[in-house]
Amino acid sequence: MSSQEHYGSRLPYKFLVGLVALVIFFLEAPLIILIIQSFTAESYLAFPPPSYGIRWYKEVLTSEDWLNSITLSLTIAAVVTPLSLVLGTMAAFALDRGPKKLKHGLQTIMIAPMVLPHIVLGLGLFKMALQLDIDDSMLAYIPAHLTITIPFVIISVGASLQTFEQSLEEAARSLGANRFWAVWYITLPIIQPALIAGGIFSFIISFDEFIITFFLTTFQRTLPIEMFSTLMYQVKPSIAAVSTLTLAVTAFLTAMLILRGQVTSGDKVIK
Amino acid sequence: MSRNSDQNYGALWLLTPTVLLYVATFFVPLIMLGVLSFAKFEASVTTIGFYFDNYIKIFSDGITLKIFFQTVRLSIVITFWCLILGYPVALLMRKCSPKMKMILLFCVVSPLLTSIIVRNVAWLLILGRSGLINDTLIQWGLISRPLPLMYNEFGVILAVVHVYLSFMVLPLFGALNSINSSIEEAASSLGAPYWRVFLSITLPLSLPGVMAGCTLVFILSMGVYLTPVIMGGNFVLTLPMLITESVREQYDWPFASAMALMLLLAIGFMVILSSGVQRLVGRR
Amino acid sequence: MSSVELKSIVKKYGAVTAVASIDLSVESGEFVTLLGPSGCGKTTTLRMVAGFIRPTSGTLSIGDIDMTGVPPHQRTVGLVFQNYALFPHMTVRKNVEFGLKMQKVLTSERGPRVQEALELVQLEALGERMPGELSGGQQQRVALARALVIRPDVLLLDEPFGALDKQLRDHMRVELRELQQKLKISTLFVTHDQDEALSMSDRIVVMSEGKVSQVGKPTEIYEKPQTRFVADFIGRSNILAGKVENKGKTINAEGLTLPNKENVIGGDEGVSVMIRPECVEITKSDSKATSSSADVKGKVTASIYLGSIVQYSVQINKGPNLVVTQNNTGSESLKNLAIGDDVDVSFPDSAIYILPG
């Protein structure tokens with residue numbers, strides 16, 4: 001079906017494309033400029049850079065502060081992602097297989113942390129962490145990040161479970177698999193795309209998270225926090241280099257997400 | 001086919017770890033904040049009780065309320081721009097070829113997975129006094145002094161729209177996609193010009209998506225801390241900034257909690273308003 | 001030893017009774033079909049035997065062992081679904097092997113047994129294919145092989161041929177029956193298709209609204225239905241309300257006088273008389289024909305061409321309408337009976353069946 005057939009003439013469609021091109025340019029151009037600027041060999045930022053080099057990448061990757069913050073962010077994300085997948089998948093199963101009457105209400109509760117502004121969540125978590133004297137430690141970061149990543153896993157896996165053919169599990173059970181093994185051997189491999197999507201989302205959300213972690217930390221610094229401090233102090237090209245590195249990881253993961261077909265209009269309506 | 005309803009309740013135990021987590025990270029902390037908002041904070045000492053001090057302070061100290069309304073105003077403006085810019089994108093995504101759809105999808109989804117700091121840094125380098133725009137305009141001799149594109153509302157709004165545009169596009173796309181295109185085709189075949197079809201059919205039918213997107217962007221804009229700080233400095237004050245300052249610098253938890261609750265109330269009010277509007281529109 | 005025995009099995013969902021106390025047994029090597037319209041409880045019963053539904057009360061034994069509360073994975077039943085339920089992410093071979101893996105059969109033994117199962121359904125060559133690459137009929141056969149390879153105590157099939165086209169369905173019925181008889185495996189089969197039930201079963205259990213209406217061999221079910229429901233459900237039938245008259249010598253069935261050969265008493269409510277349409281003969285009134293029963297005249301009121309048979313509605317003596325089917329032998333005189341034609345109607349005494357109750 002040709003999209004132009006919706007309109008009387010081709011003009012409106014071309015106009016739409018032009019408009020959207022501008023918006024997309026607005027969205028993407030700043031990032032591209034940033035990436036280009038990061039490859040400057042000068043000690044200041046300018047576009048286009050007078051000379052090119054990877055001097056600032058070297059600086060970032062050898063600086064102790066940057067490396068520490070990258071390591072902390074990676075560590076937190078690496079711990080949070082599998083935990084979030086396990087807990088979120090369990091919750092998604094509970095919602096899908098549990099009593100239908102309770103499903104809507106329970107689901108709202110399970111997704112709630114996603115709807116709350118992170119500033120309020122961060123405030124509450126900080127208070128809690130102070131009470132338990134676990135602030136500025138992994139003991140606080142992990143639960144905090146889990147709270148904001150699990151809802152995404154629930155949505156992703158939940159959507160997949162809804163369209164999953166349960167007779168497949170029954171067939172497995174009739175062949176001798178108990179409920180757990182039926183899920184392990186049959187259901188999980190089939191809903192794998194949803195699990196991958198949930199995992200990618202969890203990782204990125206945890207890695208990029210600022211405000212909650214900002215509240216919870218005192219001396220430790222995750223990558224976003226390190227970037228923030230650097231920004232407030234002085235704008236150096238190193239910030240552009242770190243940003244590009246982060247972008248590279250993100251862009252790669254997003255491409256994987258879309259190519260695996262998991263992000264469609266139905267799956268990703270965030271409410 | 002009847003499912004085995006005996007075991008339905010059994011599946012619920014899978015929720016326990018997550019529920020326990022939420023209790024510790026979400027429910028209890030919120031209750032604590034609620035309690036704190038009614039506490040008294042005097043000379044760095046917090047006394048738990050049932051005092052309205054904080055709430056009174058909010059309404060009477062002259063600054064807090066002003067900043068609150070400023071935050072609301074900014075959020076509305078941001079939502080407006082996200083809608084204006086995002087609607088065409090959602091429209092096109094619905095009607096374009098699969099390949100273009102993939103590209104658009106990538107462009108729309110990647111912001112969701114990109115660090116907000118990175119996006120703000122990008123704008124910093126463009127809008128700053130010695131940023132790209134000013135540099136270029138000065139070089140070309142068009143202006144003699146740098147334009148104030150940052151540390152004002154313009155810079156903040158621009159950057160926040162940049163961050164949250166995707167949150168508008170996706171619900172819009174979802175709603176537009178679910179519109180049965182044969183209705184539009186029928187109208188078109190009856191002689192209605194494209195703009196008529198759009199105004200009378202597409203737009204009204206997409207309203208749920210519009211409401212969802214606007215509510216979402218509004219909520220996010222009300223609660224955003226980072227971008228106004230980076231792009232507005234101390235010249236644009238928002239409620240989240242007040243809350244953060246109150247806790248990290250003054251250790252005035254009661255006041256911060258009261259403001260946090262006010263933020264939640266404002267958001268809650270918005271949600272109720274929007275679902276009320278949705279129901280009204282739905283009835284027509 | 002009976003392979004499956006259900007005693008007073010009841011299943012209630014709150015106030016709704018899906019199965020109201022049924023007793024059923026499947027003997028070793030027997031092919032039993034649960035037949036009935038949708039909602040009659042046949043699938044619920046099957047799923048109780050499989051273990052997916054727990055009976056509200058009653059006992060269920062498989063192989064003489066009480067399995068009432070036992071979960072599905074601890075029962076040795078082979079289940080075949082209507083939608084095949086093949087694991088889409090595994091090859092045919094791996095699909096069939098799955099049950100053996102769960103039974104912890106030695107790896108070395110699995111290969112030969114899988115091969116054996118595939119040969120039984122003539123799919124040895126397709127072991128490495130994925131389910132998505134197979135046709136409906138092939139998928140069904142894989143499902144069968146997968147269920148058989150674990151050597152189950154009983155084979156359970158839930159309307160397995162529903163998704164196949166007619167030719168394939170007829171073919172698969174014959175294949176399944178032959179396979180079942182060869183392996184002598186006890187089978188419980190669920191369907192709403194009476195042709196299927198009649199052609200495949202050793203015994204049929206006709207169900208309606210959660211209860212058993214009749215149990216018996218196909219010939220019994222068809223020729224001697226015990227209730228009006230069964231008579232109506234299986235095949236086409238003519239059922240006339242009758243009254244015993246003439247000091248018990250005849251029955252007046254809506255105007256037709258029939259001999260009371262079974263000497264039924266019949267109270268005030270009267271009796272129901274069933275005559276199968278294929279037993280009735282009609283000929284155009286001006287050709288010579290002999291009748292062994294009363295000289296009955298009728299008028300053709302409708303005619304439906306069904307290919308191998310032609311179905312007529314004939315109004316008898318301005319009284320009841322009888323449905324009559326005639327085999328299409330190619331004889332023009334048969335096919336060309338038109339609406340409004342006068343016909344002579346006859347049927348043998350043996351075609352008259354009096355429904356109990």
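Chain letters run A, B, ... following the sequence lines, proteins first and then strands; every chain starts at 1.
For the 3.5 Å distance criterion, the side chains of B:Thr227 and B:Asn120 qualify, holding a donor opposite an acceptor.
At least one donor-acceptor pair under 3.5 Å links the side chain of B:Ser166 to the backbone N or O of B:Val108. Without hydrogens or angle criteria, B:His162 side chain to A:Phe26 main chain gives a donor-acceptor distance under 3.5 Å.
Within the cation-pi definition used here (under 6.0 Å to the ring centroid, within 45° of the axis), B:Arg248 qualifies as a partner of A:Phe214.
Residue B:Val89 touches chain A through both its backbone and its side chain, counting heavy-atom pairs closer than 4.5 Å. Using a 4.5 Å cut-off between heavy atoms, B:Phe27 touches chain A through its side chain atoms alone. Contacts of A:Ile32 with chain B are absent, with no heavy-atom separation under 4.5 Å from either backbone or side chain. B:Ile103 does not touch chain A: none of its heavy atoms, backbone or side chain, sits under 4.5 Å away. Using a 4.5 Å cut-off between heavy atoms, A:Phe210 touches chain B through its side chain atoms alone.
Ranking A:Leu253, A:Ile211, A:Leu102, A:Thr244 against chain B, the residue ahead of the rest is A:Ile211, based on heavy-atom pairs under 4.5 Å. With chain B as the partner, the residue from A:Met90, A:Glu28, A:Glu209 showing the most heavy-atom pairs under 4.5 Å is A:Met90. Residue with the most contacts toward chain B among A:Leu27, A:Leu22, A:Leu31: A:Leu27 (heavy-atom pairs, distance under 4.5 Å). Of the listed residues A:Phe126, A:Phe203, A:Phe207, the one with more heavy-atom pairs under 4.5 angstrom with chain B than any other is A:Phe126. Ranked by heavy-atom pairs under 4.5 Å with chain B, the list A:Leu146, A:Leu223, A:Val249, A:Leu231 is led by A:Leu231. Chain B forms the most heavy-atom pairs under 4.5 Å with one residue out of A:Pro99, A:Ala144, A:Ala91, A:Ala255, and that residue is A:Pro99.
Under the 30°/60° scheme for interplanar angles, the aromatic rings of B:Tyr164 and B:Phe167 are found to stand perpendicular.
The distance between the ring centers of A:Phe215 and B:Tyr225 does not fall below 6.0 angstrom.
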